[in-house]
Structures are given as C-alpha cells and as structure tokens.
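First the structure, in the form of structure tokens, and then the observations on it.
What you see is a predicted model; the values in this text were computed from it and never measured. To find a chain, count down the sequence lines: A is the first, B the second, and so on, and within it residues start at 1.
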There are 2 protein chains.
Amino acid sequence: MERDFIKELGYKALDNRLKRISDRMSHDTRKFFKEIEIDIEPSWHLVFKLLQENDVITMVEIAEQLGYTHPSMVVMLKKMTAKGYLVSEKDTIDKRKQNIKLAQKSIDLLPELEQIWHSCENAIYKMLDKDLSIIKHLDEIEESLRAIPFNERFNSEYQKVKH
Amino acid sequence: MERDFIKELGYKALDNRLKRISDRMSHDTRKFFKEIEIDIEPSWHLVFKLLQENDVITMVEIAEQLGYTHPSMVVMLKKMTAKGYLVSEKDTIDKRKQNIKLAQKSIDLLPELEQIWHSCENAIYKMLDKDLSIIKHLDEIEESLRAIPFNERFNSEYQKVKH
DNA sequence: AAAATATAATTAGTTGACTACATAGTTAAC
DNA sequence: GTTAACTATGTAGTCAACTAATTATATTTT
C-alpha cells in the first residue's frame with residue numbers, strides 16, 4: 001500500500017479530498033452506465049429529477065435551483081436536447097426565454113431511470129453506513145462559504161502573515 | 001433566497017454536493033491567486049509540497065502519492081515545467097524515468113508559497129469552525145470506495161430492483 | 001419615445017480530472 | 001539471446017465545471 005499524501009494532510013487538503021471523492025464517484029457511475037448500456041451522462045440525473053417535478057422550466061431556473069452557472073447548464077441542456085431527451089421552445093410572451101421540458105423519449109425511459117436513481121441512492125446510503133451526519137457538515141461548510149467566500153477568508157489570513 | 005435542489009436531496013446527491021463545494025473552493029482560490037498576482041495554479045500546491053519533501057522524484061511516484069492517474073500528472077507537470085517551476089531530466093540508469101525537481105525559480109518562491117499555503121490552511125480550519133470531524137467521515141468514505149468501488153455497489157443495488 | 005439597465009441565452013476559452021491507447025525501455029523466462 | 005511481460009511516460013479524446021464577453025429581448029427611467 002503506497003503513501004497517500006492527500007490523506008496525510010487531513011483538513012489542509014480538504015479541497016483536493018472532496019474533489020477526489022466526487023471524481024471517483026462520478027467516474028464509477030459513468031462506468032456503470034456504460035456497463036448497463038444506457039446512453040445517459042451521470043450529471044443529467046438532477047436535470048431529469050427537476051423536470052419531473054416541473055413540467056416546464058427555463059434554463060436560468062434550472063441553473064439557479066441546481067446552484068450552477070447558466071453557461072454550464074446551456075452546454076449540458078444542449079447535449080440532452082441533441083440526444084432527444086429534452087425539447088425546448090421559445091416562450092411566446094418573453095422571447096428571451098427557452099421553455100424546456102422532457103421529450104417523449106425521456107418520459108418513456110422514466111421508470112427505468114427511477115430504478116437507476118433509487119439504486120444509486122441506496123448505494124450511497126449503505127456506503128455511508130447509514131450515518132448521514134456528514135451531510136450536516138456539508139451544509140455547514142456551504143453555509144460558511146455563502147456567508148464569506150473562500151477567497152476572502154484566504155485573503156484575510158494572508159494579510160496577517162505577509163510582510 | 002431561491003431553492004437549493006441539491007441541498008434538499010441530502011445524501012441522495014452526495015456526489016454533486018462534494019463536487020459543488022470543491023469546485024467553489026478551487027475557483028475562489030484561483031480568484032485569490034489572480035488578486036495577489038501570483039502566476040501559479042491552485043492545483044500545483046501538492047506537487048510543490050511533495051517536491052519540498054523529496055528532492056527528486058519521478059512522475060509515477062508523484063501520481064501515486066497524490067492518488068491521481070499519471071496522464072493527469074503528465075499534463076500538470078508539463079505546464080509547471082513550461083512555466084519554469086520544475087526541471088526534469090532523464091534518469092541515467094533507467095532511461096524511461098524522468099527525474100523531476102524544483103527549479104531555482106520555485107526555490108526562490110518557496111517562502112512566499114509557504115505563507116500562502118499556511119493562510120489557506122488557516123482559512124479552512126476556521127471555515128470548519130475548528131471541528132475536524134468531517135475528515136474522519138471522508139476517510140471512511142474513501143475506505144469504503146477502496147474496498148468496493150461505487151459502480152459495484154451501484155450495480156448490486158440495481159440487480160435487486162430491475163426486472 | 002429614447003436611453004440606460006437588466007435579464008436570458010449563447011459562445012469561446014480555461015482548468016483539471018478521466019479512460020484508452022501508443023511508445024520506449026527494462027526485466028524475466030525460456 | 002530472443003521473446004514476453006512489465007513499467008514509465010506520453011498522446012488523444014471525453015467530460016464537467018468555470019469566467020468573461022456577446023447578442024437579443026424586456027423593463028425602467030428620464
């Protein structure tokens with residue numbers, strides 16, 4: 001077993017640690033999707049879920065509710081549309097808006113997708129050993145970052161030590 | 001305050017949650033580096049730290065100790081070399097190996113970098129409200145993922161429900 | 001009514017990870 | 001001493017996020 005420098009650093013490499021875990025999970029998920037030959041990206045999960053709840057929704061609304069920038073969403077939604085999972089049409093009242101909804105292809109696939117997501121959620125639940133207390137920690141971190149962005153925190157520490 | 005769908009989903013969107021936090025932190029860090037006009041990528045942090053401890057080291061060793069694939073490291077180390085922070089030369093005994101070490105430019109910069117990293121670590125420590133228990137959770141998650149990869153976990157849950 | 005501002009979507013370019021494959025050199029097996 | 005297997009590195013292509021700047025349309029102000 002070789003050395004794990006990031007683990008050794010503990011909280012000091014928090015950022016790297018979080019990224020490493022989330023990358024590991026999404027790459028593994030992509031691998032699984034390939035195995036079961038479903039033509040869907042893992043990252044589309046939440047878009048499908050959101051559109052299941054909201055018949056019609058605009059790009060900006062999706063971005064806001066998922067906490068991403070809209071340029072990120074544009075790219076993702078364009079891919080999903082290209083693959084035939086979404087349809088979008090211009091709003092007749094406000095012509096800047098694109099109203100997005102699930103295409104029939106998605107609606108047909110939903111029962112299958114539900115099973116997949118449910119399996120994913122169960123896998124996470126068991127991986128966490130049914131201990132959900134980490135979520136509270138994550139809530140707190142995001143709360144802190146919302147209150148004072150990390151670059152500000154970083155900078156005020158830096159101002160103390162730099163000469 | 002708009003809705004936060006990912007937060008609502010709790011453990012079910014663990015992956016997205018971890019990614020969102022780590023992305024937020026690294027983008028904020030990059031922003032800070034721009035502000036103080038230092039020509040360094042946040043992701044180089046651990047490479048510098050590792051090379052501070054190990055005078056000379058090969059690409060594969062860096063990749064292993066940081067827990068990344070070597071293609072990822074090749075790209076990063078090439079950039080760092082191009083910017084003059086690293087020097088590498090072929091091992092005389094084993095000509096496949098590239099021996100990598102800090103260039104003078106990096107050595108001169110180290111005191112400054114030390115201050116920056118120290119500030120970063122302090123910022124994280126305070127952001128966590130001095131409660132480091134989240135790290136234990138992360139250790140456990142990585143331990144679980146190492147024992148059984150996520151795609152396997154996902155798959156065994158899926159086999160139970162699919163018809 | 002015209003000008004200024006705001007909003008929705010888009011495009012382009014950057015970063016940082018990955019997998020899969022290719023190449024070069026080393027070591028082991030026969 | 002060849003051949004086979006392994007190891008170190010490199011290349012190509014994919015993916016998901018970002019920021020910054022652009023375009024088109026709406027809204028507000030003067």
### Query
Can you check the A:Lys90 NZ to C:dT10 C1' distance for me, whole Å?
12 Å

### Query
Taking 5' to 3' order, which nucleotide of DNA chain D is first and which is last to have an atom within less than 4.0 Å of a heavy atom in chain A?
D:dC15 to D:dA26

### Touch class at under 4.0 angstrom, heavy-atom based, for B:Ile93 against every strand present
sugar-phosphate

### Query
Hey, does A:Lys79 reach any base, or is it just sugar-phosphate, or nothing, if we go heavy atoms under 4.0 Å?
sugar-phosphate

### A:Val161 vs B:Asn122 side-chain heavy atoms within contact, under 4.5 Å
no

### Query
Going by atom types only, do B:Thr29 and B:Ser26 share a side-chain donor-acceptor pair under 3.5 Å?
no

### Message
So B:Lys19, base contact, sugar-phosphate only, or nothing? Heavy-atom distance under 4.0 Å.
### Response
sugar-phosphate

### Query
Once you round it to whole Å, what is the distance between P of C:dG16 and CD1 of A:Ile6?
13 Å

### Query
Heavy-atom count around B:Lys136 NZ within 6.0 Å, excluding the residue itself: above 12?
no

### Task
Mind checking B:His70 for me? I need base, sugar-phosphate or nothing, with any heavy atom below 4.0 Å counting as a touch.
base

#### Entry: Check: B:Thr81 side chain, B:Val87 main-chain N or O, donor-acceptor pair, under 3.5 Å
no

#### Entry: Salt bridge present between A:Lys49 and A:Glu121 (N-O < 4.0 angstrom)
yes

### Task
Write down the distance between CE (B:Met25) and P (C:dA17), rounded to a whole number of angstrom.
15 Å

### Task
Would you classify B:Ser43 as touching base, sugar-phosphate or nothing, given that sugar-phosphate means primed atoms plus P, OP1 and OP2, and contacts are heavy atoms under 4.0 Å?
sugar-phosphate

### Summary
By nearest-nucleotide position on DNA chain D, the 5'-leaning member of B:Glu61 and A:Met73 is B:Glu61

### Task
Tell me what A:Val60 touches on the nucleic acid: a base, only sugar-phosphate, or nothing, going by heavy atoms under 4.0 Å.
sugar-phosphate

#### Entry: B:Phe150 and A:His27, any side-chain heavy atoms less than 4.5 Å apart
no

### Query
Over how many whole Å does the gap from B:Phe150 atom CZ to C:dC18 atom P extend?
18 Å

### Query
With sugar-phosphate meaning primed atoms plus P, OP1 and OP2, does B:Ser26 contact a base, only sugar-phosphate, or nothing at under 4.0 Å between heavy atoms?
nothing

#### Entry: Atom-pair distance (CD1 on A:Ile62; C1' on C:dA9), nearest Å
12 Å

### Summary
Side-chain contact check for A:Arg24: nearest option of C:dG16, C:dA8, C:dT19 is C:dT19

### Task
Measure from CG on B:Asp23 to C1' on C:dA17 and round the result to the nearest Å.
11 Å

### Task
Hey, which sits more toward the 5' end of DNA chain D by its nearest nucleotide, A:Asp94 or A:Met76?
A:Met76

### Summary
Whole-Å distance, A:Asn16 CG to C:dT15 P, equals 17 Å

### Task
Show your reasoning for whether salt bridge (Lys or Arg N to Asp or Glu O under 4.0 Å) applies to A:Glu142 and B:Arg17.
CA-CA 9 Å; A:Glu142 288 206 304; B:Arg17 203 69 186 289; 2.7 Å; yes

### Query
So what does A:Arg30 hit on the nucleic acid, given a heavy-atom distance under 4.0 Å: a base, only sugar-phosphate, or nothing?
sugar-phosphate

### Message
Do A:Asp55 and A:Lys101 have side chains that approach each other closer than 4.5 Å (heavy atoms only, starting at C-beta)?
### Response
no

### Task
Tell me which of A:Lys31 and A:Gln98 sits closer to the 5' end of DNA chain C, going by the nucleotide each one is nearest to.
A:Gln98

### Interatomic distance, B:Trp44 CH2 vs C:dG16 P [rounded to whole Å]
8 Å

### Task
Confirm from the modelled atom types if B:Arg96 and C:dT26 form a donor-acceptor pair under 3.5 Å, side chain to base only.
no

